[in-house]
Amino acid sequence: MSQTEILPIPDTPSARKIGWGIAALVVAGNMIGSGVYLAPVALASTGSSSLIGWLICGAGAMILAAVFAGLGRFQPDADGLSDFTRRGLGRFIGYQTAIAYWGVCLTGNIAVSIAGTGYLAFFFPVLAEPVPAAMSNLALIAITTAAYATGAKVAARLGATTLVIGLLPLVLAIVAGAVAFSGATFSASWNPSSQPLTATIPASLVVIFWSFLGLESAAALSKLVRDPARDVGRASVGGVGLALVVYVLASAAVFGVIPAGELAQSTSPFADLAARVFGASVAGLVAACAVIKALGTIAGWTILGGETARSAGEAGYLPRVFGHASRPGHLPLSNPLINGSIMALLIVATIQPTLAGQFGLLIGACTVLTICLYALCCISLFRFSQSTGWRILSVVGLVFSVGAVVAAAPGNVIPAIVLFAVASVGWIWVRKGANHRVDPVPPTL
């Protein structure tokens with residue numbers, strides 16, 4: 001099949017569309033993955049006081065989920081995040097959103113594959129070494145790219161199905177915490193760094209919020225949902241609510257059993273927790289489920305990256321090999337192939353001496369960049385609605401987004417600035433290929 005041929009996605013709405021229940025599972029599945037599986041390691045220096053950060057980020061995520069519910073209600077025919085910001089803030093901002101979100105999807109997918117490899121290292125310790133780890137990451141990306149190439153619905157079902165499997169390690173961790181929870185261990189791990197919580201908690205927010213990335217998944221997949229005006233909101237809020245409950249309980253369980261100092265040295269914290277309480281055999285089951293869930297999460301983000309590139313191609317933001325305006329909604333084979341190749345290059349380019357080092361390098365930049373896009377979506381919602389309630393919600397979401405970026409380390413902010421700057425240069429090419437300017441849509445309500 002050549003690059004100009006189209007993948008066989010059915011044309012009938014009933015065959016192509018997914019309901020809000022599956023969309024909610026995709027949302028939760030995109031969140032419940034690498035973030036929570038490795039979060040105890042990344043938050044070991046903050047300790048059990050990181051629960052405060054989980055609650056703050058959870059509240060912010062619920063607000064932002066409601067923002068996307070409003071966007072789905074007022075602009076049900078919008079084609080993902082870039083279409084929301086294009087209609088609200090103009091074509092230049094829509095273009096920036098498309099390029100930035102596409103980059104987030106591809107780069108974030110590498111971080112998810114690293115998490116999967118980290119749990120594979122529980123069985124094959126050699127995978128903790130840089131080169132074998134890179135080979136494992138490449139294999140995980142290849143599998144999910146192939147699934148997406150057969151059709152978005154196949155990859156979506158893969159992500160939703162593996163959510164159930166992925167919940168098992170967290171359920172076992174919660175049970176283990178209930179059985180072996182030690183108040184003394186939890187208290188001793190409250191603030192290992194001895195720094196003021198006013199310094200440690202804000203610094204942990206970017207790491208924690210990585211676990212909530214994907215709350216916009218239903219909006220990004222609005223073209224694949226049966227009733228966007230209703231289902232995008234249900235899927236967004238439902239998915240975030242499920243993830244928040246799981247995160248808080250699982251985090252408390254880990255810090256109540258394993259001292260923070262030991263967590264800092266782990267590559268598979270939930271497997272280590274299961275080993276302490278239930279034995280090595282159960283720990284192996286936890287690690288296996290974590291790997292399977294990571295595969296499903298990669299599948300979900302592969303869909304988002306491909307659909308974002310398709311939408312950008314149809315809008316003229318990317319070359320037509322990603323998606324052609326004359327065939328809207330259809331996926332050229334070149335789309336997943338190019339995305340898969342880019343992810344493979346990123347895996348090689350970001351190799352670090354340890355998996356934790358490579359993981360940390362990627363998640364900070366991805367999180368800050370995504371929060372910037374959430375802020376733009378909040379502004380768009382403010383413009384779309386004349387309702388006081390919706391406008392207050394958009395302002396609250398904007399304040400949270402800006403605060404999270406301000407609290408982030410400068411090293412996480414700089415990559416976002418660089419990407420927006422590079423994309424601005426690319427705007428020259430986009431404008432040359434544009435037939436007309438697309439201005440913001442007037443408020444609809």
Side-chain angles (χ1 to χ4, degrees), residues 23 26-27 29-31 33-35 68 79-85 94-116 137 140-149 152 155-156 158-159 209-224 236 239 294-315 317-318 322-323 331 334-347 349-350 359 361-374 376-377 415-416 419-420 422-423:
V26 171
V27 172
N30 283 350
M31 289 186 288
S34 69
F68 283 105
D79 192 4
L81 268 68
S82 62
D83 216 14
F84 287 137
T85 57
Y95 158 77
Q96 290 276 15
T97 301
I99 300 302
Y101 193 66
W102 179 48
V104 165
C105 292
L106 300 184
T107 307
N109 235 355
I110 307 309
V112 179
S113 69
I114 291 169
N137 294 335
L140 293 174
I141 293 297
I143 292 170
T144 53
T145 298
Y148 180 50
L158 174 60
F209 203 80
W210 163 258
S211 298
F212 288 97
L213 297 191
L215 64 89
E216 77 291 343
S217 299
L221 300 176
S222 56
K223 285 290 186 181
L224 300 178
S236 298
L295 188 66
T297 303
I298 298 170
W301 281 103
T302 298
I303 297 173
L304 292 181
E307 289 297 305
T308 299
R310 176 198 56 73
S311 176
E314 292 174 2
Y317 302 151
L318 287 175
F322 291 99
L331 188 71
S334 51
N335 181 310
L337 293 180
I338 294 175
N339 284 344
S341 298
I342 293 174
M343 287 187 283
L345 291 174
L346 287 173
I347 288 173
T350 60
F359 184 78
L361 177 69
L362 295 168
I363 66 171
C366 283
T367 302
V368 168
L369 185 56
T370 305
I371 294 175
C372 290
L373 302 184
Y374 291 166
L376 294 175
C377 288
L419 188 145
F420 282 123
V422 172

Might you point out which heavy atoms bring [X] and [Y] nearest each other, and give the distance in Å?
X	Y	result
Ala100	Phe420	CB-CE2, 4.1 Å
Ala416	Leu369	CB-CD1, 3.9 Å
Cys377	Thr85	SG-CG2, 4.0 Å
Cys366	Trp210	CB-CZ3, 3.7 Å
Ala111	Ile363	CB-CG2, 3.9 Å
Gly305	Cys105	CA-CB, 3.5 Å

Rounded to the nearest 0.5 Å, how far does [atom2] of [Y] lie from [atom1] of [X]?
X	Y	atom1	atom2	answer
Ile141	Ile342	CD1	CD1	12.0 Å
Glu314	Asp83	CD	CG	10.0 Å
Leu215	Phe68	CG	CZ	6.0 Å
Met343	Ile298	CE	CD1	8.5 Å
Leu373	Thr97	CG	OG1	5.5 Å
Trp301	Thr144	CH2	OG1	13.5 Å

Is there side-chain contact between [X] and [Y], with heavy atoms separated by less than 4.5 Å?
X	Y	value
Leu318	Ile99	yes
Phe212	Thr367	no
Tyr101	Ser82	no
Tyr148	Asn335	yes

Are a donor atom and an acceptor atom from the side chains of Thr145 and Asn339 found within less than 3.5 Å of each other?
no
Side-chain donor or acceptor of Thr107 paired with backbone N/O of Val104 under 3.5 Å:
no
Short question: side chain of Ser341, backbone of Leu337 - any donor-acceptor pair under 3.5 Å?
yes
Ring centres under 6.0 Å, that's the criterion: do Tyr317 and Trp102 meet it?
no
Would you please test Ile114 and Ile110 for side chain to side chain contact (heavy atoms under 4.5 Å, CB included) and show each step?
CA-CA 6 Å; Ile114 291 169; Ile110 307 309; 4.3 Å; yes
Out of Ile371, Val368, Thr370, which one pairs with Phe209 under the side-chain contact (heavy atoms from CB on, under 4.5 Å) rule?
Ile371
